[in-house]
Amino acid sequence: MWIRDGRELFQDAFRRGYALPAFNVASLEMIQACLRAAEALRAPVILQTYREEVRRVAPEAFAAMVRALAERVRVPVLLHLDHGGSLEEVFRALRAGYGSAMWDAQGMGIGKVAEGVAQVAPLVHGMGAALEVAAEGFSGEERSRPEEVAALFQAGADVAAVAVGSRHGEESRLDLPLLARIREAARGPFALHGGSGILPEDLEAAVRLGVVKVNVGTALYRSLRALLGRPWEHHRLFYKAVEEELMKVAEVYIRRTQAEGKA
């Protein structure tokens, strides 16, 4: 089931208290593995392409492929642009059919980012899509400040990606007291990046504190690299194995984010 506007999915997750695994995909096999897992567990899912992927392959190509496959399953499927490096990239993805996009404005001050969100959010909403903004790095610190997260929502962001201790590709513990303070200052919904290594008990607590989107990329790519190192008699056997193994990984994170049965 193709979801054109990410806002409805994010708000449903926030209202009903679950999170959506957002899988970074870069090939047909990765897309199909995640969709098979979502269908098997009757769970909504986000497929997202990192900005380097859409620079390598046009967003129009990803949108056409994902939509064609999403329309064959019975669960909600949202296509999201991860770490859009410029507003030009964000709007090209949305015009291509993406239902959500992240504007990565790291390195800019919170004042300029909030001003930019206030200008951009109405345009994104007018296109029937959701806007995610990273709420980290404004003050030169690794962790988000509650008042800065609140400022992004006040400016019009639909989802704020908060920095509360998760690290890409590493096992990590979340600063749950900080996330609780962010929740007090800004109701949410929130996204977490670096979701592959977050301990399951921390992730469960984070969902209760308003996290609705959890990025998962490293876990998929590690499994893919392990398969690449094996000898294969035929390339078709490799493609089949990729789908089977990555489907197992996707199922783990769907269960961890409590999305099972929420379709």
Side-chain angles (χ1 to χ4, degrees), residues 1-10 20-86 88-104 124 127-132 195-196 213-225 227-228 234-251 253-254 259 263:
M1 183 191 310
W2 174 255
I3 299 297
R4 181 60 186 90
D5 189 339
R7 290 175 293 177
E8 61 184 86
L9 202 51
F10 292 135
L20 297 144
F23 295 112
N24 281 90
V25 295
S27 71
L28 171 64
E29 292 74 26
M30 297 180 79
I31 293 168
Q32 292 195 148
C34 294
L35 291 182
R36 286 176 61 190
E39 183 84 333
L41 297 179
R42 297 181 52 249
V45 69
I46 298 172
L47 300 181
Q48 59 184 25
T49 55
Y50 187 64
R51 62 188 176 207
E52 297 302 330
E53 302 301 341
V54 295
R55 292 170 183 172
R56 180 177 62 89
V57 180
E60 292 81 3
F62 277 114
M65 181 164 56
V66 172
R67 180 168 188 168
L69 295 172
E71 290 178 344
R72 296 169 58 186
V73 299
R74 294 166 293 175
V75 296
V77 179
L78 174 67
L79 181 59
H80 174 84
L81 175 66
D82 188 28
H83 286 277
S86 67
E88 180 181 359
E89 288 182 334
V90 166
F91 283 111
R92 181 178 179 185
L94 297 180
R95 286 195 299 270
Y98 283 56
S100 178
M102 174 194 173
W103 178 34
D104 186 345
V124 172
M127 297 176 73
L131 178 66
E132 176 187 339
S196 294
K213 177 176 177 285
V214 181
N215 289 13
V216 178
T218 300
L220 294 173
Y221 286 107
R222 282 177 176 162
S223 294
L224 180 59
R225 285 198 299 269
L227 291 170
L228 284 169
H234 199 284
H235 66 278
R236 292 189 182 88
L237 296 177
F238 168 71
Y239 297 145
K240 181 178 179 181
V242 167
E243 283 196 33
E244 295 295 334
E245 289 301 312
L246 296 192
M247 178 181 174
K248 295 175 185 176
V249 174
E251 286 180 340
Y253 286 92
I254 290 173

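Numbers here are sequence positions counted from 1. What you see below is based on every heavy atom in this structure, not just the backbone, and it leaves out hydrogens, waters and symmetry mates.
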TODO: Report the C-alpha distance between Lys213 and His80 in whole Å, list the side-chain angles of each, state the deciding distance to 0.1 Å, and finish with yes or no for side chain to side chain contact (heavy atoms under 4.5 Å, CB included).
DONE: CA-CA 11 Å; Lys213 177 176 177 285; His80 174 84; 3.7 Å; yes

Task: Minimum-distance pair of heavy atoms, taken over all atoms of Val25 and Tyr221 - done: C-OH, 4.1 Å

Task: Shortest non-hydrogen contact between Met247 and Ala40, atoms and distance - done: CE-CB, 4.0 Å

TODO: May I ask you to test the Phe62-Val54 pair for a side-chain heavy-atom distance under 4.5 Å?
DONE: yes

Open item on the list: To the nearest 0.5 Å, what is the distance between OG on Ser100 and CG on Leu131?
Closed with: 7.5 Å

Task: Atom pair CG (Leu227) and CG (Leu237), whose distance is rounded to the nearest 0.5 Å - done: 12.0 Å

Open item on the list: Among residues at least two apart in sequence or on other chains, which ones pass ring-ring contact (aromatic ring centres under 6.0 Å, His included) with Phe91?
Closed with: none

Open item on the list: Tell me every residue that passes ring-ring contact (aromatic ring centres under 6.0 Å, His included) with His235, counting only those two or more places apart in sequence or in another chain.
Closed with: Tyr239

Task: Reported CG-to-CH2 distance for the pair Leu79 and Trp2, which is rounded to 0.5 angstrom - done: 4.5 Å

Task: Where Arg4 and Met127 come nearest, the two heavy atoms and their spacing - done: NH2-O, 3.7 Å

Open item on the list: One thing to verify: whether Glu245 and Arg222 come together as a salt bridge, which I'm taking to mean a side-chain N less than 4.0 angstrom from a carboxylate O.
Closed with: no

Open item on the list: Applying salt bridge (charged side-chain N to carboxylate O under 4.0 Å, His left out) as the test, list every pair that has at least one member in residues 74-86; sequence neighbours left out.
Closed with: Glu39-Arg74

Task: Sequence-distant partners of Arg55, side-chain contact (heavy atoms from CB on, under 4.5 Å), two or more places apart - done: Arg51, Glu52, Glu89

Open item on the list: So, taking the atom named OG in Ser223 and the one named CD in Glu244, what distance separates them when rounded to the nearest 0.5 Å?
Closed with: 13.0 Å

- [ ] Decide yes or no for Asn215 and Gln48: does some side-chain heavy atom of the first lie under 4.5 Å from some side-chain heavy atom of the second?
- [x] yes

Task: Student check: side-chain heavy atoms of Val66 and Tyr98 closer than 4.5 Å - done: no

TODO: List the atom of Ser196, the atom of Gly217, and the distance in Å for their closest heavy-atom pair.
DONE: OG-N, 3.6 Å

Task: Pair Arg92 + Glu60: basic N to acidic O under 4.0 Å - done: yes

TODO: Can you measure from CZ (Arg36) to CG (Leu69) and round to the nearest 0.5 angstrom?
DONE: 12.0 Å

Task: Ala129 to Leu94 - nearest heavy-atom pair and separation - done: CB-CD2, 3.6 Å

Open item on the list: Under the rule for side-chain contact (heavy atoms from CB on, under 4.5 Å), what residues qualify as partners of Ala38, not counting sequence neighbours?
Closed with: Val45, Val75, Ile254

TODO: For a side-chain contact (heavy atoms from CB on, under 4.5 Å) with Val77, tell me which candidate from Leu47, Ile46, Ile31, Ile3 qualifies.
DONE: Leu47

- [ ] Could you please spell out the steps behind the side chain to side chain contact (heavy atoms under 4.5 Å, CB included) verdict for Arg56 and Glu53?
- [x] CA-CA 5 Å; Arg56 180 177 62 89; Glu53 302 301 341; 2.6 Å; yes

- [ ] Hey, could you give me the CZ/CD distance between Arg72 and Gln32, rounded to the nearest 0.5 Å?
- [x] 7.0 Å

Task: Atom CD of Glu71: over 12 foreign heavy atoms under 6.0 Å - done: yes

- [ ] Kindly indicate, with the supporting measurements, whether the criterion salt bridge (Lys or Arg N to Asp or Glu O under 4.0 Å) is fulfilled by Glu251 and Lys248.
- [x] CA-CA 5 Å; Glu251 286 180 340; Lys248 295 175 185 176; over 6 Å; no

TODO: Identify the two heavy atoms, one from Ala130 and one from Phe10, that lie closest to each other, and give their separation to 0.1 Å.
DONE: CB-CE1, 3.8 Å

- [ ] Go through the structure and list residues passing side-chain contact (heavy atoms from CB on, under 4.5 Å) with Ala250, not counting sequence neighbours.
- [x] Phe23, Cys34, Ala37

